[in-house]
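Reviewing the structure listed below.
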Amino acid sequence: MEFTVKHSLPGRIRVAYNKRRITKRQAALAQSLLSVQEGMDDVTVNYVTGTFLLYYDTAVLSEKKIKAYFMALSDKYLDDRELLNSVDEPQEQDNLLFDLTMMVIGHYGKLLLPPPLRLLLRVWSLAPRIVKGMQHVAQGNLFKSEVLDATAIGMALLTGDTKTASNINFLLNIGDTIEEFTKKKSYSDLADRLLSQNDQVQLVQGNTEKTVRLAMLKQDDVVVVRTGGMIPADGDIIRGEGLVNQASITGEPLAVEKRTGLTVFAGTIVQEGELYIHVRAVGSQTKVQNILAMIDKSQQLKVSSQVRSELLADQLVKYNFLLSLVVFLATRNVTKVMATLMVDYSCAMKLAAPIAVLSAMKEASDYGIIVKGGKFLEDVSRADTVVFDKTGTLTAAVPRLSRIIAFGGRSEDDVLRTAACLEEHFAHPVANAIVHAAKERGIEHPEEHAKVEYIVAHGIATELNGKRLLIGSYHFVFEDEKTQLPEHFDELKKTAIERGESLLYLAEERQLVGVFAINDPVRDNAADIIQRLHESGIKNCTMITGDDEGAAKTAAKLTHIDHYISQALPEDKVAYIKKQQKKGHKVIMIGDGINDAPALVAAETGIAMGDCAAITGETADIVLNADDGLAGLYRTRVMGLRLLDKIDTNNRSIVKVNTALMMAGLFGFVSPSLAAVLHNASTILFCAKSARPLLEPSHAV
């Protein structure tokens with residue numbers, strides 16, 4: 001590819017390409033190929049100026065390396081039909097400055113024409129706006145801003161003042177163009193923020209692998225996912241085995257075994273192992289389509305303040321006409337009548353509110369929160385009850401070692417040292433819990449054992465000092481390996497059940513030497529978030545979980561939650577929510593598993609944790625950031641409260657400003673043209689105010 005470095009700073013470089021030789025689709029393909037390179041943070045392309053803007057990690061990439069990437073973008077790649085078909089044809093980019101410049105040239109360029117032709121073009125340019133006003137009248141919609149505009153222009157034409165009519169139309173067109181651009185920009189900014197461009201997958205082609213963008217994945221492709229990787233799409237395992245963490249689907253904190261022939265789902269994590277997956281459902285395409293469809297649908301999910309402002313704007317139009325009639329009867333001054341007609345409440349009210357909603361949704365997405373409509377921000381702000389799932393919601397679904405029971409005269413540190421020595425080779429969550437606990441206690445565990453034999457989903461077997469060691473599940477240690485059960489073992493298991501613990505067993509020569517109790521602790525900020533929710537007006541926080549009484553009671557105590565229900569089925573959550581709604585409460589349900597989906601639908605607002613199951617994310621009205629956890633719940637509530645306040649405040653200000661402009665036109669302080677300028681300017685300012693963040697950076701929760 002021919003290119004020129006236009007500007008370069010550490011971590012940022014702008015590169016120009018030859019637009020005459022590189023098509024927009026080829027440039028989009030180049031953007032896709034560059035974005036997946038290691039160390040590349042962000043790649044954008046401007047098709048108008050023919051430039052790439054790249055942000056990169058200076059610890060990984062250099063300007064020289066980036067130049068080498070561009071040099072490698074030969075016709076072999078840019079002319080490849082399969083690669084080109086993997087990217088969408090770029091849409092034409094709006095250029096506001098260019099559009100306004102052409103409008104100005106077109107308007108004032110008429111002055112150079114002969115008077116008859118100039119008059120004809122002026123009348124022709126006025127026709128669309130007059131026709132639109134007449135269409136509304138014919139449909140019985142008399143009180144619309146379009147009718148006001150058409151009336152003002154028509155009156156100017158009837159008095160023979162085509163110049164004023166043309167100027168008014170020009171200013172209205174300028175305002176419409178800016179307003180449309182502002183709304184489309186808010187829409188596209190939200191879409192761009194929600195669509196991840198750099199998600200990567202390992203695509204298997206024959207005996208080779210290559211890294212590609214998730215967006216390039218197709219049905220029937222084969223991908224490989226290894227330890228620590230997220231499964232990118234629903235599919236079937238055709239080779240390999242491993243442990244998959246399905247906490248987002250099942251609510252279980254421990255991973256499950258997966259092998260050839262079994263199905264896996266997008267969004268679950270391979271905790272250990274290697275899986276070759278035949279893609280059955282393409283996640284990337286549905287992701288893009290669903291996000292765009294969600295934004296379209298969000299325009300119909302209006303907050304009540306937005307609906308009220310639109311109704312109020314239409315109702316106020318009749319008073320515009322009434323005022324204009326009074327002015328005409330009192331003064332017989334057409335200029336004053338036109339000045340009052342040029343100002344209405346509809347434009348600002350009907351544009352500022354949706355822009356405020358779109359901006360709030362975009363701001364939420366900046367925090368990793370996906371809001372599927374302004375209505376849901378309003379519902380969150382009006383709620384007085386929150387129902388929590390436990391596993392993966394109030395807890396992080398990350399196992400921790402809670403206690404150790406030693407046998408045979410061994411000390412806790414001794415059995416923990418041995419267990420950590422075995423488990424340090426493996427990356428599954430229980431192993432991590434053991435190793436982390438040893439580290440916290442400052443226990444060193446030198447490697448003295450023989451080669452470790454790992455049995456997937458069962459445990460580990462090895463030799464130490466000539467003795468066979470086992471660590472793993474009850475089934476592996478006691479049933480498969482015939483380890484002798486100690487006395488009072490039933491009491492030990494009963495206590496673990498009451499405390500919501502899972503047990504891991506360490507045996508030596510078929511004698512139990514240690515038991516490790518693993519639990520799923522509550523999130524560090526859970527109690528603080530619940531307190532903040534109460535301070536924001538939430539009256540009742542309830543936890544409903546399928547866990548037993550002991551685990552539920554412990555979690556409720558640690559989080560200071562108001563109520564809890566244990567051993568609940570999915571239908572029990574739904575029943576509780578409906579019971580609260582019958583009492584007049586507005587309910588938020590927050591969860592992460594498939595079993596939470598019915599409750600998410602039943603509540604006024606369903607909120608899913610970021611690492612939730614795919615169906616839960618689809619069902620939920622709001623999806624939180626996986627890294628942010630419960631903090632996102634409180635942040636969403638604050639944003640909802642502030643959004644409603646912003647819309648209501650804007651409406652009051654719009655009424656005051658436009659009423660002042662009407663009075664100024666009535667008393668002759670402003671001409672019709674100036675009234676149009678001031679009206680459009682105030683509308684744009686209100687739109688700009690609506691786009692301001694709800695959470696200032698210094699006050700972001």
Side-chain angles (χ1 to χ4, degrees), residues 1 3-17 22 26-46 51-78 80 82-84 86-88 192-218 221-233 240 242 266-277 279 282-284 287-288 368 427 610-611 625-627:
M1 173 188 278
F3 68 93
T4 305
V5 176
K6 305 295 290 185
H7 184 70
S8 180
L9 290 171
R12 181 182 185 275
I13 185 172
R14 187 180 294 276
V15 176
Y17 64 91
I22 302 296
Q26 287 176 318
L29 174 59
Q31 177 192 19
S32 174
L33 295 173
L34 289 166
S35 66
V36 300
Q37 303 304 318
E38 184 179 1
M40 201 71 74
D41 294 330
D42 188 46
V43 181
T44 56
V45 58
N46 188 318
T51 57
F52 291 93
L53 180 61
L54 303 93
Y55 290 89
Y56 60 93
D57 184 350
T58 54
V60 179
L61 292 176
S62 63
E63 180 180 335
K64 182 178 179 181
K65 184 73 171 178
I66 291 174
K67 288 181 180 179
Y69 285 148
F70 276 97
M71 292 176 65
L73 289 171
S74 63
D75 294 343
K76 173 184 176 182
Y77 299 104
L78 298 184
D80 187 294
E82 185 178 350
L83 288 176
L84 285 171
S86 70
V87 296
D88 295 327
D192 289 343
R193 180 63 185 84
L194 293 177
L195 292 172
S196 173
Q197 302 296 324
N198 296 319
D199 292 342
Q200 301 179 20
V201 296
Q202 290 297 116
L203 182 65
V204 179
Q205 294 181 327
N207 295 323
T208 64
E209 296 178 19
K210 68 176 182 179
T211 303
V212 301
R213 288 198 310 154
L214 176 59
M216 299 175 70
L217 197 62
K218 304 184 296 298
D221 278 342
V222 175
V223 296
V224 59
V225 186
R226 298 184 173 88
T227 300
M230 178 179 288
I231 295 173
T268 54
I269 307 294
V270 178
Q271 293 285 8
E272 183 190 348
E274 180 180 73
L275 302 177
Y276 287 79
I277 302 166
V279 175
V282 182
S284 60
K287 179 181 179 183
V288 172
D611 49 0
N625 183 357
D627 296 329

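If you read the sequence from its start, that first residue is 1, and numbering goes on from there. Quantities reported herein were computed from a predicted structural model and do not represent experimental measurements. Hydrogens, waters and symmetry mates are skipped; everything else that's a heavy atom, side chains included, is used.
- The line from CG of Leu275 to CZ of Arg226 is 10.0 Å long, rounded to the nearest 0.5 Å.
- Between Leu53 and Arg12 there is a side-chain heavy-atom pair separated by less than 4.5 Å.
- A pairwise comparison of heavy atoms in Pro232 and Val201 identifies CB-CG1, 3.5 Å as the closest pair.
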(request) Please lay out, stage by stage, how Tyr17 and Val15 fare under the test side-chain contact (heavy atoms from CB on, under 4.5 Å). (result) CA-CA 7 Å; Tyr17 64 91; Val15 176; 5.9 Å; no
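- The main-chain N or O of Leu78 is found under 3.5 Å from a side-chain atom of Gln26 such that the two form a donor-acceptor pair.
- Heavy atoms of other residues, nucleotides or ligands lying less than 6.0 angstrom from CD of Glu38 number 12 at most.
- The structure places OG1 of Thr51 at 12.5 Å from NE2 of His7, a figure rounded to the nearest 0.5 Å.
- Summarising the geometry, atom CE belonging to Met40 is positioned 11.0 Å from atom CD belonging to Gln31; distances are rounded to the nearest 0.5 Å.
- Residues satisfying the ring-ring contact (aromatic ring centres under 6.0 Å, His included) criterion with Phe3, sequence neighbours excluded, are Phe70.
- How far OH of Tyr56 is from CD1 of Ile13: 6.0 Å, rounded to the nearest 0.5 Å.
- Within the 4.5 Å cutoff, no side-chain heavy atoms of Val5 are placed close to those of Ile66.
- Note that the CG atom of Leu61 and the CG atom of Leu54 stand 9.5 Å from one another [nearest 0.5 Å].
- In this structure, the separation between OG1 on Thr58 and NZ on Lys65 is 15.5 Å, given to the nearest 0.5 Å.
- Contact detail for Ala27 and Ile22: the closest heavy-atom pair is N-CG2, 3.8 Å.
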